[in-house]
There are 2 protein chains.
Amino acid sequence: MTSTYEFPRPALTVDCVVFGLDEPDLKVLFIRRDLEPYRGKWALPGGFVHVEESLEDAAKRELREETGLEKVFLEQLYTYGDVDRDPRERVVTVAYYALVRLSDHRVVAATDARDAAWFGVHDVPRLAFDHDRILKAGYHRLQNKLRYEPVGFELLPRKFTLRQLQRLYEIILDRSLDKRNFRKKILGMDVLEELDEVETDVAHRAARLYRFNQKRYREMVKQGVNFEI
Amino acid sequence: MTSTYEFPRPALTVDCVVFGLDEPDLKVLFIRRDLEPYRGKWALPGGFVHVEESLEDAAKRELREETGLEKVFLEQLYTYGDVDRDPRERVVTVAYYALVRLSDHRVVAATDARDAAWFGVHDVPRLAFDHDRILKAGYHRLQNKLRYEPVGFELLPRKFTLRQLQRLYEIILDRSLDKRNFRKKILGMDVLEELDEVETDVAHRAARLYRFNQKRYREMVKQGVNFEI
DNA sequence: CGCCTTCGTGTAGAATCTACACTAAGAGGA
DNA sequence: TCCTCTTAGTGTAGATTCTACACGAAGGCG
């Protein structure tokens with residue numbers, strides 16, 4: 001079954017920059033290509049947009065098919081449309097970035113016959129197409145996002161300690177933060193719920209666990225509260 | 001001449017949200033559609049992406065063809081890909097927003113047979129497709145952008161007074177700013193060149209003219225300087 | 001020359017940011 | 001049981017930045 005159009009059309013794909021926190025590293029997920037071009041090279045998970053699915057649906061579907069990931073935080077990043085991005089033909093790619101809780105999704109690589117693997121964000125192999133550029137944009141966006149919105153919770157277990165959260169910020173923003181100031185700031189945002197639980201299995205005083213209160217956050221966003229770190 | 005593909009492909013278009021400052025209003029440019037669907041309705045300037053041109057080139061070309069505008073500030077906004085955006089068929093639209101110096105481009109509407117017109121951003125007619133949504137996103141983006149980056153100069157004449165600049169900020173951000181604090185802040189950024197000229201044709205003391213020093217700005221961005229207002 | 005309008009400037013008090021160090025809790029081993 | 005080790009959890013002073021606010025100077029115009 002084929003489709004015919006009066007004028008030639010670019011192919012349309014989605015690609016996802018998938019971040020996961022694997023302390024002490026921020027990791028990104030790639031799949032190994034099993035087709036030409038760039039066969040055997042690592043690439044961002046992604047693929048063609050079907051004509052009856054939205055862009056976001058396409059991104060979700062590709063993530064599920066290629067990496068087994070579901071229900072992750074997903075946001076549009078940028079659309080890449082230079083004419084020579086793909087050696088075969090004109091391809092326009094809508095890039096998304098995703099944040100996944102590795103605590104929930106341990107076994108990603110195994111879910112599919114395809115070869116998937118996490119790489120440290122500062123230690124990425126040569127990538128197919130212009131995917132290094134997309135990766136860079138995704139990382140940059142994550143850093144900016146984190147600076148202005150409390151989005152990091154998507155990378156942590158649902159219950160976490162303030163120390164874990166601070167480490168996350170330090171890893172992503174790539175600079176160290178003062179413990180007391182960080183706690184003041186983040187608690188002052190008033191979007192964390194203090195739980196009646198502490199962490200377990202640590203060989204020292206256990207830290208209190210917190211949970212992100214998304215409902216409260218959304219209310220505060222409406223009121224125009226600032227979440228800058 | 002037709003093109004045939006194995007699978008159906010969405011059509012790909014670009015649309016531009018074009019802002020211009022026409023004191024005391026921020027205006028947006030629309031064209032009146034002369035084809036179905038939405039014939040006679042106002043719509044964002046835009047059109048199909050040719051297969052041999054980049055997305056940005058397509059946006060520039062459409063702007064030129066439909067509105068006569070050239071060499072304007074142009075930046076990608078968001079890509080809209082819901083399946084039912086267009087009643088005819090699946091259309092994916094990469095939206096851009098543009099800032100134009102009305103002082104340089106007075107006669108936009110006349111350049112083409114097509115019907116083009118500026119509307120106050122708070123006083124826009126019913127628009128074709130989901131263009132009201134795109135407009136909203138563009139306006140929102142402009143506000144955010146202005147808040148964090150000195151981008152407003154693109155809307156002013158190359159030489160301008162601090163008062164003009166402040167008015168611009170007030171119009172776009174939709175709140176009044178303190179004169180002295182604004183001047184301190186903006187001059188403290190160190191990206192304005194004080195000229196040896198003052199405004200003319202005013203019936204009161206003439207204000208000094210300034211010019212935006214883009215080179216200096218770029219250097220400062222590299223150093224990670226903050227341009228928040 | 002007087003009037004009118006806008007230009008251009010400083011400061012004090014409030015709020016926020018930054019840098020910094022010690023006691024408390026709990027686990028583990030002697 | 002007690003000593004040691006590690007991290008938890010907390011407050012403050014000084015510097016910086018933000019905010020609110022008013023008046024003399026310049027220059028065109030009648």
Side-chain angles (χ1 to χ4, degrees), chain A residues 21 23-24 146-150 156-157 159-171 173-211 220 223-229, chain B residues 23-24 146-150 156-157 159-171 173-212 220 223-229:
Chain A
L21 184 71
E23 290 197 57
L146 194 66
R147 191 118 183 45
Y148 297 108
E149 285 173 49
L156 290 178
K159 300 173 180 179
F160 51 86
T161 68
L162 293 185
R163 175 169 196 76
Q164 280 179 290
L165 188 60
Q166 182 179 341
R167 289 273 303 139
L168 170 100
Y169 273 78
E170 291 179 330
I171 288 168
L173 300 180
D174 206 22
R175 64 189 169 97
S176 65
L177 300 169
D178 179 82
K179 182 164 138 182
R180 275 169 293 189
N181 294 339
F182 178 78
R183 290 160 100 95
K184 250 182 294 177
K185 200 93 187 239
I186 212 88
L187 290 177
M189 287 180 189
D190 219 24
V191 293
L192 291 192
E193 240 174 275
E194 184 175 324
L195 302 176
D196 284 332
E197 290 174 73
V198 294
E199 60 183 339
T200 53
D201 299 321
V202 286
H204 54 78
R205 176 178 175 183
R208 161 146 278 127
L209 289 173
Y210 289 82
R211 184 167 47 188
M220 301 191 71
Q223 291 162 31
V225 182
N226 203 346
F227 291 94
E228 190 168 340
I229 279 286
Chain B
E23 290 198 57
L146 194 65
R147 191 122 183 41
Y148 298 109
E149 284 174 50
L156 291 178
K159 300 173 181 179
F160 51 85
T161 68
L162 293 185
R163 175 170 196 75
Q164 280 179 289
L165 188 60
Q166 182 179 341
R167 290 272 305 138
L168 169 100
Y169 273 78
E170 292 179 331
I171 289 167
L173 299 180
D174 205 22
R175 65 191 169 97
S176 65
L177 300 169
D178 179 82
K179 182 163 138 185
R180 277 169 290 190
N181 294 341
F182 178 78
R183 290 160 101 94
K184 251 183 293 176
K185 200 88 184 239
I186 212 86
L187 290 177
M189 287 179 188
D190 219 27
V191 294
L192 292 192
E193 240 174 275
E194 185 175 324
L195 301 177
D196 285 333
E197 291 174 73
V198 294
E199 60 184 339
T200 53
D201 300 322
V202 286
H204 53 78
R205 176 177 174 184
R208 162 147 278 127
L209 289 173
Y210 290 81
R211 183 165 49 187
F212 177 52
M220 301 192 71
Q223 291 160 33
V225 182
N226 203 346
F227 291 94
E228 190 166 341
I229 279 286

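Labels below follow one simple rule: chain letters A, B, ... track the order of the sequence lines, proteins then strands, and each chain is numbered from 1.
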**Student:** Any side-chain heavy-atom pair from B/Phe227 and B/Met220 closer than 4.5 angstrom?
**Tutor:** yes
**Student:** Show which side-chain atoms of residues 179-188 of chain B pair as donor or acceptor with protein atoms under 3.5 Å away, not counting sequence neighbours.
**Tutor:**
from: B/Asn181; atom 1: OD1; to: B/Lys184; atom 2: NZ; distance (Å): 3.3
from: B/Asn181; atom 1: ND2; to: B/Asp178; atom 2: OD2; distance (Å): 3.3

**Student:** With a 4.0 angstrom cut-off to heavy atoms of chain A, pull out the first and last contacting nucleotide of DNA chain D, in 5'-to-3' order.
**Tutor:** D/dT6 to D/dT12
**Student:** Would you mind reporting whether B/Glu228 and A/Glu228 have side-chain heavy atoms less than 4.5 Å apart?
**Tutor:** yes
**Student:** Sequence neighbours left out, what passes side-chain hydrogen bond (donor to acceptor under 3.5 Å, both in side chains) with B/Gln164? Give chain and number order.
**Tutor:** none
**Student:** Side chains of B/Gln166 and B/Ile171: closer than 4.5 Å at any heavy-atom pair?
**Tutor:** no
**Student:** I'd like to know if A/Arg175 pairs up with A/Glu170 as an ion pair, taking the criterion as any Lys NZ or Arg NE/NH1/NH2 lying under 4.0 Å from an Asp or Glu carboxylate oxygen.
**Tutor:** no
**Student:** Quick check for you: to the nearest 0.5 Å, what is the distance between B/Phe160 atom CZ and B/Leu209 atom CG?
**Tutor:** 9.0 Å
**Student:** Rounded to whole angstrom units, what separation is found between the CZ atom of B/Arg163 and the C1' atom of C/dT9?
**Tutor:** 15 Å
**Student:** Both B/Lys179 and A/Thr161 contact DNA chain D. Taking the nearest nucleotide for each, which residue is further toward the 5' end?
**Tutor:** A/Thr161
**Student:** Near DNA chain C, which residues from residues 198-211 of chain A have a heavy atom under 4.0 Å away?
**Tutor:** A/Val202, A/Ala203, A/His204, A/Arg205
**Student:** Scan residues 180-195 of chain A against DNA chain D and write down, sorted by residue number, each residue with any heavy atom closer than 4.0 Å; if none is found, say none.
**Tutor:** A/Arg180, A/Arg183, A/Lys184
**Student:** Nearest 0.5 angstrom please: B/Tyr210 OH to B/Thr161 OG1, how far?
**Tutor:** 9.5 Å
**Student:** Kindly compute the distance separating CG (B/Leu156) from CG (B/Leu165), expressed to the nearest 0.5 Å.
**Tutor:** 6.0 Å
**Student:** In residues 190-203 of chain A, what donor-acceptor pairs under 3.5 Å come from side-chain atoms, sequence neighbours left out?
**Tutor:**
from: A/Asp190; atom 1: OD2; to: A/Arg216; atom 2: NH2; distance (Å): 3.0
from: A/Glu193; atom 1: OE1; to: A/Asn213; atom 2: ND2; distance (Å): 3.4
from: A/Glu193; atom 1: OE2; to: A/Arg211; atom 2: NH2; distance (Å): 3.1
from: A/Glu194; atom 1: OE2; to: A/Arg208; atom 2: NE; distance (Å): 3.4
from: A/Glu194; atom 1: OE2; to: A/Arg208; atom 2: NH1; distance (Å): 3.4
from: A/Glu197; atom 1: OE1; to: A/Lys159; atom 2: NZ; distance (Å): 3.3
from: A/Glu197; atom 1: OE2; to: A/Lys159; atom 2: NZ; distance (Å): 2.8
from: A/Glu199; atom 1: OE2; to: A/Ala207; atom 2: N; distance (Å): 2.9

